[in-house]
Q: 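Submitted below is the structure of interest, expressed as structure tokens.
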Amino acid sequence: MNSKPQAIIFDLDGVITDTAHLHFLAWQQIANEIGIVIDEQFNDSLKGISRGESLQRILQHGGKAGEFGAEACAQLAEQKNRLYVHSLRQLTADSVLPGIRELLVTLREEHIPVGLASVSLNAPAILQALDIRAYFDFCADAALISRSKPDPEIFLAACAGLGVDPQHCIGIEDAQAGIDAINACGMLSVGIGAGLNGANLQLPSTEFLTWPCLSAFWQNDK
Ligand code: BG6
Ligand code: MG
């Protein structure tokens, strides 16, 4: 048994910063414009899902799946991204969720490699805005991923980039699709927030996500 995981791989939106809510606000505005109502509960089903696929789910939710061609969909997705990117201007170093910066500092001290597995094309800009890019040894490139979570592709890409074995890593997620993706590649999963099925460890919020907690979890499970 290894006393430490080979790496810890983070989701971004909803784990490192509260951008999950900003995604919701931007999608809600686009949905309103085309006569579709979405709420926070529906938005949970979009977490970890790519921009294009999220739009398809919204159209389906509103019973308008067949009404928009490829070009119209591309325009709606671009419009949503413009709103979202505009809202990202409010991000500063203080927008990192409680406990996350401290955890990243400790993982550095413990020499544990850290990866990012976000399907967001905006992830690099967000890490820069939060001033935490330097804590990540490898960020999987969402542009090279063809399948959203719950497919494990993005987590496997992060493990490959770090040169680690998924079986010896921990993944951290706030979305059901993300927990399913982590479990599918044999990593140990940590779920943040309520209502996640199948997480190997479930924590109510990022404040509880400390190295002593992760270390105890790792040693109990391995
Ligand atoms: C994920 C979010 O991290 O990134 C999804 O959970 C989002 O809600 C996806 O749709 C893609 O993000 P972006 O920034 O490329 O539109
Ligand atoms: Mg998330």
Side-chain angles (χ1 to χ4, degrees), residues 8-31 38-61 73-91 95-97 100 115-130 132 136 139-155 157-158 170-183 187 189-199 202-206 209:
I8 298 197
I9 302 187
F10 291 78
D11 171 47
L12 172 68
D13 295 312
V15 169
I16 289 175
T17 185
D18 194 18
T19 36
H21 187 65
L22 300 179
H23 276 294
F24 168 63
L25 294 177
W27 276 130
Q28 190 182 41
Q29 190 166 332
I30 297 298
I38 61 169
D39 58 16
E40 291 266 14
Q41 198 191 340
F42 171 76
N43 188 60
D44 282 347
S45 71
L46 303 181
K47 291 179 178 173
I49 307 300
S50 71
R51 198 181 306 163
E53 210 180 311
S54 295
L55 176 60
Q56 291 310 318
R57 289 191 184 200
I58 291 168
L59 294 176
Q60 213 143 41
H61 177 72
C73 285
Q75 265 173 24
L76 287 171
E78 196 187 309
Q79 226 177 307
K80 180 268 175 177
N81 193 51
R82 246 182 277 131
L83 290 171
Y84 177 63
V85 168
H86 184 81
S87 71
L88 292 178
R89 289 185 193 175
Q90 65 189 262
L91 294 186
S95 312
V96 179
L97 281 168
I100 295 292
L116 188 79
S118 170
V119 299
S120 172
L121 296 165
N122 293 297
I126 293 172
L127 291 187
Q128 291 295 346
L130 299 174
I132 52 172
F136 289 82
C139 298
D141 184 350
L144 302 177
I145 298 300
S146 55
R147 296 179 299 276
S148 291
K149 299 166 187 175
D151 192 285
E153 189 180 4
I154 189 94
F155 280 99
I170 293 175
I172 304 172
E173 265 288 349
D174 69 317
Q176 187 61 53
I179 293 294
D180 294 343
I182 294 171
N183 290 344
M187 301 166 70
S189 54
V190 177
I192 305 294
L196 298 171
N197 297 319
Q202 178 98 34
L203 299 173
S205 72
T206 55
L209 193 61

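Throughout, residue positions are numbered sequentially from 1 according to the sequence presented. Each ligand, and each atom within it, is numbered from 1 in the order the structure gives.
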Q: Asn183 and Ser189: side-chain donor and acceptor closer than 3.5 Å?
A: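 Looking only at side-chain atoms, Ser189 and Asn183 do form a donor-acceptor pair, the distance falling under 3.5 Å.
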Q: Just checking: Glu173, one of its N/O/S atoms, less than 2.8 Å away from the Mg ion (ligand 2), yes or no?
A: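 Glu173 does not place any N, O or S atom closer than 2.8 Å to the Mg ion (ligand 2).
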Q: If every non-hydrogen atom of Ile172 is compared with every non-hydrogen atom of Val15, which pair is closest and at what distance?
A: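 For Ile172 and Val15, the tightest heavy-atom pair comes out as CG2-CG1, 3.8 Å.
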Q: So, is Asn122 polar-close to ligand 1, with some N/O to N/O distance under 3.5 Å?
A: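 Yes: some nitrogen or oxygen of Asn122 is under 3.5 Å from one in ligand 1.
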Q: Can you tell which of Asn122, Leu88, Leu130 makes a side chain to side chain contact (heavy atoms under 4.5 Å, CB included) with Thr19?
A: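 Running side chain to side chain contact (heavy atoms under 4.5 Å, CB included) over Asn122, Leu88, Leu130 with Thr19 returns exactly one hit, Leu88.
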Q: Tell me which N, O or S atom of Asp11 sits nearest to the Mg ion (ligand 2).
A: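 Nearest N/O/S atom: OD2.
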Q: Ligand 1 versus Val119, non-hydrogen atoms closer than 4.0 Å: side chain, backbone, both, neither?
A: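 For Val119, backbone and side-chain atoms both sit under 4.0 Å from ligand 1.
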Q: If you measure from atom 8 (O) of ligand 1 to every heavy atom of Leu55, Ile154, Leu46, which option wins on shortest distance?
A: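 Residue with the shortest heavy-atom distance to the ligand atom: Leu46.
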Q: Which residue is it: Ile49, Leu76, Leu46? I am looking for the one with a side chain to side chain contact (heavy atoms under 4.5 Å, CB included) to Leu55.
A: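 The residue from Ile49, Leu76, Leu46 that satisfies side chain to side chain contact (heavy atoms under 4.5 Å, CB included) with Leu55 turns out to be Leu76.
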Q: Ile49: heavy atom below 4.0 Å from ligand 1, yes or no?
A: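 Flag set, Ile49 near ligand 1.
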Q: Measuring from the Mg ion (ligand 2), name the closest N, O or S atom belonging to Asp13.
A: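 Atom name returned: O.
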Q: I'd like to know whether ligand 1 has Ala20 as a neighbour, heavy-atom separation below 4.0 Å.
A: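 Contact absent.
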Q: Going by distance only, is there an N or O of Arg51 that falls short of 3.5 Å from an N or O of ligand 1?
A: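 N/O-N/O distance under 3.5 Å: yes.
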Q: Say whether, by atom type as modelled, one donor and one acceptor occur between the side chain of Glu53 and the main chain of Ser148 under 3.5 angstrom.
A: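 Answer holds: no.
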Q: What do we get for Ser120 next to ligand 1 when only non-hydrogen atoms under 4.0 Å count, side chain, backbone, both or neither?
A: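 Both backbone and side chain of Ser120 come within 4.0 Å of ligand 1.
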Q: Within the side chain of Gln202, is there an N or O that forms a donor-acceptor pair under 3.5 Å with the backbone of Val190?
A: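 Flag not set: sc Gln202 to bb Val190 has no pair under 3.5 Å.
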